[in-house]
Amino acid sequence: DTAVSQTPKYLVTQMGNDKSIKCEQNLGHDTMYWYKQDSKKFLKIMFSYNNKELIINETVPNRFSPKSPDKAHLNLHINSLELGDSAVYFCASSQDVGGYTFGSGTRLTVV
Amino acid sequence: AQSVAQPEDQVNVAEGNPLTVKCTYSVSGNPYLFWYVQYPNRGLQFLLKYITGDNLVKGSYGFEAEFNKSQTSFHLKKPSALVSDSALYFCAVRGNSGTYKYIFGTGTRLKVLA
C-alpha cells in the first residue's frame with residue numbers, strides 16, 4: 001500500500017486554467033504538507049495542516065488554496081495557472097518529530 | 001530564524017571510498033535534524049534523523065550522520081560508497097519551539113564513479 005499517494009502524477013495544462021492536486025496518506029499522521037520543487041531542485045514549503053487546521057501558510061500567491069477535509073487528505077487547488085507555476089509539487093506527512101513521508105510528486109507543466 | 005546550508009552543489013567520490021556530504025544549520029533551541037535522498041523522478045526518502053541522544057546516528061542503506069553541536073553541523077557519511085548511492089541528498093532542520101516547519105537545504109548531488 002502506498003503510504004502517501006498523490007494524483008495526478010503528471011499534469012499539463014494551459015495558462016489561465018484551474019487545476020487540483022489530491023493527496024492522501026494512510027499512515028495515521030496528524031500533519032500534512034505541500035512543498036514546491038523548482039527546476040533547480042530547491043524545496044520550498046507552501047502549506048501545512050495539523051489535524052485539519054492550517055498551521056503554516058508561507059508567502060504563496062492566493063491563487064493557491066489548500067483544503068483538508070480530514071486529517072488523511074490534503075488537496076491543493078490552483079486558480080488561473082501561470083507559466084511560473086510549472087514545478088513538481090510534493091505532498092508529505094509526519095507525526096510528532098518523525099521524519100517526513102513524501103508522495104512521489106506531481107509534475108505540473110503550464111503551457 | 002532557522003536555516004540550513006549545504007555548501008557543496010556536487011560531491012564526486014570513487015566507488016568503495018568513504019563519502020561525506022556536508023550540512024550546517026542555524027536554529028534557536030535544540031535542533032531536530034534529518035537527511036533525505038531523492039532519486040531521479042522520485043519523491044524524497046527519509047534516511048535518518050537526530051532528535052536527542054547519541055551524536056552518531058545510523059540510518060538506511062549504511063548511511064550515518066554525526067551531530068556536532070559546537071560546529072552546528074550534521075554531516076552525512078558512508079564508509080564505502082556504491083554507484084547506486086548516486087542521487088540528490090537534502091539536509092533538513094526543525095526547531096523544537098513547536099513549529100512544524102522543516103527547512104530544507106539546497107541539496108547536494110552525489111556522484112559515485114565506478
Side-chain angles (χ1 to χ4, degrees), chain A residues 2-7 9-10 21 23-25 27 29-60 68 71 74 87-107 109, chain B residues 1-6 8-10 23 27 29-53 57-61 63 65 67 74 76 87-110:
Chain A
T2 304
V4 179
S5 59
Q6 294 178 230
T7 54
K9 194 171 173 64
Y10 299 97
I21 307 171
C23 179
E24 176 181 3
Q25 54 100 359
L27 298 166
H29 289 170
D30 285 335
T31 310
M32 295 185 72
Y33 311 81
W34 279 111
Y35 275 82
K36 179 181 180 181
Q37 187 173 44
D38 64 21
S39 57
K40 293 186 178 179
K41 305 298 185 184
F42 295 157
L43 274 164
K44 189 171 186 300
I45 190 165
M46 301 173 70
F47 303 103
S48 177
Y49 272 75
N50 180 258
N51 254 324
K52 300 194 298 176
E53 181 187 348
L54 181 65
I55 56 169
I56 295 172
N57 186 354
E58 290 295 288
T59 308
V60 176
S68 182
K71 78 171 195 177
L74 179 60
V88 180
Y89 292 84
F90 285 103
C91 178
S93 70
S94 71
Q95 182 70 27
D96 299 325
V97 295
Y100 283 6
T101 301
F102 280 87
S104 55
T106 296
R107 185 176 294 277
T109 303
Chain B
Q2 56 193 48
S3 64
V4 60
Q6 294 181 242
E8 302 152 318
D9 288 338
Q10 181 158 322
C23 173
V27 68
N30 294 321
Y32 299 147
L33 294 154
F34 303 81
W35 276 102
Y36 293 85
V37 60
Q38 185 178 27
Y39 297 101
N41 301 314
R42 303 285 296 276
L44 281 74
Q45 295 175 37
F46 171 78
L47 274 180
L48 50 79
K49 68 179 178 184
Y50 171 84
I51 304 298
T52 187
V57 178
K58 293 190 185 295
S60 307
Y61 312 121
F63 283 94
F67 170 60
F74 189 56
L76 181 70
L88 188 56
Y89 290 81
F90 290 93
C91 181
V93 67
R94 202 203 95 169
N96 66 350
S97 62
T99 177
Y100 294 93
K101 188 164 71 174
Y102 293 68
I103 300 297
F104 281 82
T106 49
T108 298
R109 191 165 299 281
L110 173 67

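The chains referred to below are lettered A, B, ... by the order of the sequence lines, with proteins before strands, and numbering in each begins at 1.
- Crowding of A:Glu53 atom CD: a count of heavy atoms from other residues, nucleotides or ligands under 6.0 Å not exceeding 12.
- Counting only heavy atoms from C-beta outward, the side chains of A:Tyr100 and B:Phe34 never approach each other to under 4.5 Å.
- Residues that satisfy the side-chain contact (heavy atoms from CB on, under 4.5 Å) test with A:Cys91, not counting sequence neighbours, are A:Val4, A:Gln6, A:Cys23, A:Met32, A:Trp34.
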B:Phe104 and A:Tyr35: ring-ring contact (aromatic ring centres under 6.0 Å, His included), yes or no, with the steps?
-> CA-CA 10 Å; B:Phe104 281 82; A:Tyr35 275 82; 5.3 Å; yes
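- With a threshold of 4.5 angstrom between heavy atoms, B:Ile51 approaches chain A through side-chain atoms but not through N, CA, C or O.
- Across all non-hydrogen atoms, the minimal contact from B:Leu44 to A:Phe102 is O-CB, 3.4 Å.
- In this structure, B:Asn41 CG and A:Arg107 CZ are separated by 5.5 Å, a value rounded to the nearest 0.5 Å.
- Other residues, nucleotides and ligands place more than 12 heavy atoms under 6.0 Å from the NZ atom of A:Lys44.
- Distance check, rounded to the nearest 0.5 Å: OG of A:Ser94 to CZ of B:Phe46 gives 11.0 Å.
- What you find for B:Gln38 and A:Phe90 is that their closest heavy atoms are NE2-CZ, 3.5 Å.
- Using a 4.5 Å heavy-atom cutoff, the side chains of A:Leu43 and B:Phe90 are in contact.
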